[in-house]
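Heavy-atom basis, side chains included; hydrogens, waters and symmetry copies ignored. Each chain gets a letter, A, B and so on, in the order the sequences are listed, and its residues count up from 1. Just so you know, these numbers come straight off a predicted model, no measurement behind them.
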Amino acid sequence: MFVDTVVEDKALHKPAFLIGLSVTVLAFFFAFNFTNTIFGEFLSPVIGNPEESGLFGRLVVSFVLSVIFVLNLLAISLTRIKVQIFIVWIELFLLFLAFAYSFDLKLSFIQSRIGLMISKGLFTTIYISAVSIVIATAIAIVGAIAKLSNNGFAYAIASFYTSLFRGLPLLLQVYLIYKGLPQLGFMVDAIPSGIAALSLCYGAYMTEIFRAGIQSIPRGQWEASRALGFKSSLILRKIILPQSIPIIVPPTGNQFIAMLKDSSLVSVLGIWELMYLAKTLGQRDFRHMEMLLTAAMIYWGLTIILEMIQARIERKYQQKT
Amino acid sequence: MNDSIKNEKPVISLKGVNKWYGDFQALKDINLEINPKEKIVICGPSGSGKSTLIRCLNRLEAHQEGQIHVTDVELHETMKDIDIIRQDIGMVFQSFNLFPHLTVLENCMAGPNWVRGIDQNEAKERAMALLKQVKIPEQADKYPEQLSGGQQQRVAIARSLCMEPKVMLFDEPTSALDPEMVSEVLETMIELAKSGMTMICVTHEMGFARQVADRIIFMDGGEIVEQNTPEEFFNNPQNERTKTFLNQILS
């Protein structure tokens, strides 16, 4: 959004909004009753034994919580926007940690297995995703050019391919490739068939992205190139594709991030990647949450790194033109 | 090539050319010969087919009937080597169509380097010489969007000239420019005309036409209504439609 030069009053500083917000928050805390949590214990000097405090205790706890909540918002609203963003991030992250902490996690259990998660699981996940991304990009370039060509065969094959692989759930594709190919006489290992499924599926999505990117280049660029006597392949390579890259990069970055997470689907083939290890390592000791949360944090960290790389590439292309 | 031989044959000739867009006939029975070094200005109301005509000359548009010969080669749907023909015909567009991801210099070097097989150094030398000729050598390392419209159009002219074309086509080169930038582009074109280039210009700049053209062609409704020397064309127009048009744009 493009910011106006005239600033509106902050919503938080309008009494009506503030009152409405306070009431809503109070109702929320009241409805979800935090009396029997750590907050009730804190307030026991006022309300006595939390378990016997009844409606009065519930009201006091929710009132105190909502006052803290609203004061917190007001305090944040007085800071500069960068500080605001930072504080809100930290607070939300702490809330997430509190959520994780509430499962009574055994940290030593995580410690003893995180080595395997990273050395085997993270490595396999990155390996599968990276190879699939490269293949998917290659498929997408060929697919996009085929879809834009006036060759009937090329168009038919490319459009059938995108239709099929965008039309089936990825999990189903993973099964079909892994279990289907051996019946045709091709023995494939789990990892190659997982990579094949991911590449084909994301290649189909990215074909559409690349096609749209190529089509968004104005017709005048083709005409000027043709008028100079360039052949179509040269125009595509030197004029059209370089210009469509800045348009293609943001949605392609999203595809990369989505693929990294969807690589978890190949865990059904027994590949020792992050998701598979997260499911199996905790099973024997009934410590599911430890491993699932660990895998969650690793996936999250990876996508944050990818997002930063994506932002850097976007900046680079913006500078150039 | 010897000039006297060249002069005997037209560089471009059209015989009975017809073109349709669906049911709409854009060009009607066009017959035209353009001789080496001739300067032609094509004018006419919008929708008269003048841009279509000039775009048929390097086959950016296809004609359906009749023959178009460019340097003795007939342009048709299944022809080979249209790119070779196009290398000899420069074209300047209303909307410049510079390559935005390349610098001014790279725009000018691209053609000679990529399709004429001229090495980097020589292509660069030639590009700089032509940028000097259009009076913007100091902009060589900038990107097109950093330039004004008039400068961009002059780069576009230099880019075409780097291919050392036999003919230059101009498709309303000043129509997209702010008024104060029109003259700098026209000056470049006048200098090019003085150098002996064969030029075909679709334009409404009647001052330019009067000064440069050997022949002015007036089109309306897809037909060539009238063609004459500038003197006769402006002072003694024959056709009613020509008179109406001249009244409208010269008033």
Mark yes when over 12 heavy atoms from residues, nucleotides or ligands other than [X] sit less than 6.0 Å from its [atom1]; otherwise mark no.
X	atom1	value
Glu77(B)	CD	no
Lys132(B)	NZ	no
Leu92(A)	CG	yes
Phe153(A)	CZ	no
Asn151(A)	CG	yes

Original post:
Which distance, rounded to the nearest 0.5 Å, do you find between the NZ of Lys231(A) and the CG of Asp83(B)?
Top reply: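 It is 4.0 Å, given to the nearest 0.5 Å.
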Subject >> From CZ (Arg55(B)) to CD (Glu223(A)), nearest 0.5 Å >> reply: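 Nearest 0.5 Å value for the CZ-CD distance: 4.0 Å.
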[X] to [Y] - nearest heavy-atom pair and separation:
X	Y	answer
Phe93(B)	Ala227(A)	CZ-CB, 4.0 Å
Arg226(A)	Leu60(B)	CB-CD2, 3.9 Å
Gly229(A)	Gln87(B)	O-NE2, 3.6 Å

Original post:
What pairs with Pro144(B) under side-chain contact (heavy atoms from CB on, under 4.5 Å), at least two apart in sequence or on another chain?
Top reply: Leu98(B), Asn107(B), Gln152(B)
Subject >> Residues of residues 193-221 of chain A with any heavy atom under 4.5 Å of a heavy atom in chain B >> reply: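 The residues closer than 4.5 Å to chain B, in numerical order, are Arg219(A), Gly220(A), Gln221(A).
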Original post:
Can you check whether Ile240(A)'s main-chain N or O pairs, donor with acceptor, with His101(B)'s side chain at less than 3.5 Å?
Top reply: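 No; zero donor-acceptor contacts below 3.5 Å.
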Original post:
Of the backbone (N, CA, C, O) and the side chain (C-beta and beyond), which part of Phe99(B) lies under 4.5 Å from a heavy atom of chain A, both, or neither?
Top reply: both
**OP:** Go through the atoms of Ala110(B) and report whether side chain, backbone, both or neither lie under 4.5 Å from a heavy atom of chain A.
**Re:**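 Answer is both: backbone and side chain atoms of Ala110(B) are under 4.5 Å from chain A.
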Original post:
Can you tell if the side chain of Arg159(B) reaches within under 4.5 Å of the side chain of Leu228(A), non-hydrogen atoms only?
Top reply: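 They are in side-chain contact.
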Original post:
Ile235(A) versus Trp114(B): any side-chain heavy-atom pair under 4.5 Å?
Top reply: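 Side chain of Ile235(A) against side chain of Trp114(B), heavy atoms only: no contact under 4.5 Å found.
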